[in-house]
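Take a look at the structure below.
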Amino acid sequence: MMKTTINDNQGKSISTPLSHGDGPEVRPEKQGGETLITGAEALMRALKEEGVKTIFGYPGGSIMPVFDALYDYTRGEKKAFDHILVRHEQAATHAAEGYARVCDEVGVCIVTSGPGATNTLTGVADAMMDSTPIVVIAGQVGVGVLGTDAFQEVDLVGVAQPISKWSYQIRRPEDIAWAVSRAFYIARTGRPGPVVLDFPKNAQVDKTEWVPTKVDFVRSYVPYPTPDQSAIEQAAELINNAKRPLVLVGHGVELGGAQNELVEFIEKADMPAARTLLGLSALPTDHPLNMGMLGMHGNYAPNIKTQEADVIVAVGMRFSDRDTGTPSTYARQAKIIHLDIDNSEINKCIKSDVAVVGDCKVTLPAITRLLNKNNHREWRDSFAEYHQQEVDKVITPAIHPTDGPLLMGEIVNAVAEATKGDAVLVNDVGQNQMFSCRYFKYNKKRSVVTSGGLGTMGFGLPAAVGATFGAPDRTVCMFTGDGGFQMNIQELGTIMENQCPVKVILMNNNYLGNVRQWQDMFFGQRKSFTRMLNPQYKLIADAYHIPYEVVIDRNDLKAAVEKMLATDGPFILECAVKEEDNVAPMIAPGASIDEMMLEINIETKLDC
């Protein structure tokens, strides 16, 4: 992935403390007379300096001194943090992601070395792909035995380097304040991302003086590029002269806190807008210029009209293959304006005619000031025909069926209607993800927590745990399938212990549904190992003391949803859904986006 990274360690564990640009740029002067403290205590103070409130973690041998120090910081007069004991280290990273995504803070998790550290790597990669700011602090064997294959030793810096924004090994306690401050600065600034700190045991127990350190500069790292004024003027000129402009709204709008700036931008030039999966809540569902979701399972109109637009303005999105279909056929008729904070995304997938590199909270208003007040009513109205086709052939049958088994679309719609667009949507990966993203409603920013780039099954449950701590005043609804639910089902223990008010909507079709749909469409209906024999979820819910309801008949759905939302604390609502319910529309692999299928043809035979 061509995302901006900062790797001081050249992929290897460090044998000596780094210097010059590779280590602390300025070593703090020690202040005489201070009481010496352990490195573990220094870590606690450093985290407190960064404003950390919640930590997700799992103790173990090589991180035990840190957890001993943490004991005092979670109770009594020194209380600074809430520590949430997860049941698996991967879940700690996903919980940190969920926390960060809803509250615009850095998520933090602390784990032990070896398998504890490697278990976090899926979450680190997930955070890297989706630009989520988290800091993972992992224990490590002492410096004296590094390289000897000591018990639970692994080269975490080397393993994490390609999938993190920065990875670093803290070998001395006097470097802790600097390293932690630098980690948070890198994680949260510019295009956010994950940082991994490897913390050998000797640095945890050795003593140092405490000298608070604030890092707000890293040599060669420019998190907020200064926008090119000529590019801003070129972009404005293209938009002013456009007859059929279309704005593509990505996750960067949410990350940059530029939701209001986006609305002013599209309203002044009267430009229809479509959102990526991760950008769904950057624009309210009911905004008149919102034309729906882009991509493989997005809405019909914006995908078709992309191929008719004369100017496309991409804001904080990376032109994922799931959004563009076959790149060679993507919007060849249009001038492309790409706004992104990360220069490495420019021309990576789709060539741009004008690139505006910078923070969209700055670049959007800069362009808006130069825009003419415009009216594109005829162009906007042209979306309606395609939208109506989708309503008739896909949406109405999906959310208002009259007979047969329950459908995923109607379940999502029932929850969306009951929560009135104010809830946080968390989902797992697969059909449940596509259905819930398509039919949920969004009135507030930072309302979508989903695994976009990596597509991590098992993401949903722990991410929902994190979201309840990051947005304690909001309802958190987590949609999942039976496959993804079981991948991190142990986190029901975390929910039970903390009474996390996660509303779990389990859409059970006894299949790995997304893979099954592809097998039906592209592999001659050969359902190879996608049917699942599932447990009795009621007994599991009872074991974790979590209220549970099952719905089989659609006549019972509304009342069950109301009961779930009225129940304090967690709730599991299992819905027995049609086994072969398919997500539509769909852009087949290898197809152009204007070849989107409104209806699923099981006889389709394509190369995927």
Say you draw a straight line from CD of Gln90 to SG of Cys109; how long is it, rounded to the nearest 0.5 Å?
11.0 Å
Identify the residue among Asn508, Leu506, Asn534 that makes a side-chain contact (heavy atoms from CB on, under 4.5 Å) with Phe485.
Leu506
Minimum side-chain heavy-atom gap Gln431-Met408 below 4.5 Å
yes
Can any side-chain N or O of Asp556 pair as donor or acceptor with the backbone N or O of Ile552 at less than 3.5 Å?
no
Is the closest side-chain heavy-atom distance between Val108 and Ile134 below 4.5 Å?
no
Nearest 0.5 Å, what's the SG-CG distance between Cys575 and Leu407?
11.5 Å
Are the side chains of Val394 and Tyr300 in touch, meaning some heavy atoms are under 4.5 Å apart?
no
Please check if any side-chain donor atom of Asn488 sits under 3.5 Å from a side-chain acceptor atom of Gln490, or the reverse.
yes
Report yes if some heavy atom in the side chain of Pro272 is under 4.5 Å from a heavy atom in the side chain of Trp379; otherwise report no.
yes
Under 4.0 Å between a Lys/Arg side-chain N and an Asp/Glu carboxylate O for Arg554 and Glu410?
yes
Without hydrogens or angle criteria, can the side chains of Thr132 and Asp130 be said to hold a donor-acceptor pair below 3.5 Å?
no
Classify the side-chain pair Ser382/Lys305 by whether it contains a donor and acceptor separated by less than 3.5 Å.
yes
Glu264 and Asn260 side chains, donor-acceptor separation under 3.5 Å:
no
For the pair Glu345 and Arg191, evaluate salt bridge (Lys or Arg N to Asp or Glu O under 4.0 Å) and give the outcome as yes or no after the intermediate values.
CA-CA 11 Å; Glu345 290 297 341; Arg191 182 179 181 178; 2.8 Å; yes
Please determine whether a side-chain nitrogen of the Lys or Arg among Glu497 and Arg87 lies less than 4.0 Å from a carboxylate oxygen of the Asp or Glu.
yes
Whether Arg380 and Asp270 form a salt bridge (side-chain N of Lys/Arg under 4.0 Å from carboxylate O of Asp/Glu) is what I want to check.
yes
Arg101 vs Thr450, side chain to side chain donor-acceptor pair (under 3.5 Å): CA-CA, chis, key distance, verdict
CA-CA 9 Å; Arg101 292 272 282 273; Thr450 191; 5.9 Å; no
Rounded distance (nearest 0.5 Å) linking atom CG of Leu557 with atom CD of Glu562:
10.0 Å
Do Tyr511 and Glu579 have side-chain atoms, one donor and one acceptor, less than 3.5 Å apart?
no
So does Asp104 pair up with Arg446, basic N to acidic O under 4.0 Å?
yes
Would you tell me whether Ser436 and Asn427 have side-chain atoms, one donor and one acceptor, within less than 3.5 Å of each other?
yes
Can a side-chain donor-acceptor contact be found between Gln519 and Ser528 if the only test is distance below 3.5 angstrom?
no
Please check if any side-chain donor atom of Glu261 sits under 3.5 Å from a side-chain acceptor atom of Thr368, or the reverse.
no
Are Asn509 and Arg531 linked by a side-chain donor-acceptor pair shorter than 3.5 Å?
no
Within-4.5 Å side-chain heavy-atom neighbours: Val504 and Phe571:
no
Answer yes or no: are there more than 12 heavy-atom neighbours, outside Lys79 itself, under 6.0 Å from its atom NZ?
yes
Polar contact flag, side-chain donor to acceptor under 3.5 angstrom, Asp126-Ser451:
yes
What's the separation between atom CD in Gln307 and atom OG1 in Thr329, rounded to the nearest 0.5 Å?
6.0 Å
Quick one: are Leu289 and Glu267 in side-chain contact, heavy atoms under 4.5 Å?
yes
Does any donor atom in the side chain of His94 or Glu491 lie under 3.5 Å from an acceptor atom in the other side chain?
no
I need the single residue from Lys444, Glu254, Lys441 that forms a side-chain contact (heavy atoms from CB on, under 4.5 Å) with Ser281. Which is it?
Glu254
Residue list, side-chain contact (heavy atoms from CB on, under 4.5 Å) with Pro535, at least two apart or on another chain:
Gln486, Tyr537, Ile540
With a 4.5 Å limit on heavy-atom distance, are the side chains of Lys53 and Tyr99 in contact?
yes
Has the side chain of Thr276 got a donor or acceptor atom that lies under 3.5 Å from a matching backbone atom of Gly279?
yes
Keeping the roles fixed (side chain from Asn303, backbone from Ile593), state whether a donor-acceptor pair exists under 3.5 Å.
no
Close side-chain approach of Phe522 and Pro589, heavy atoms under 4.5 Å:
yes
Among Gln433, His251, Arg322, exactly one meets side-chain contact (heavy atoms from CB on, under 4.5 Å) together with Leu277. Which residue is that?
Gln433
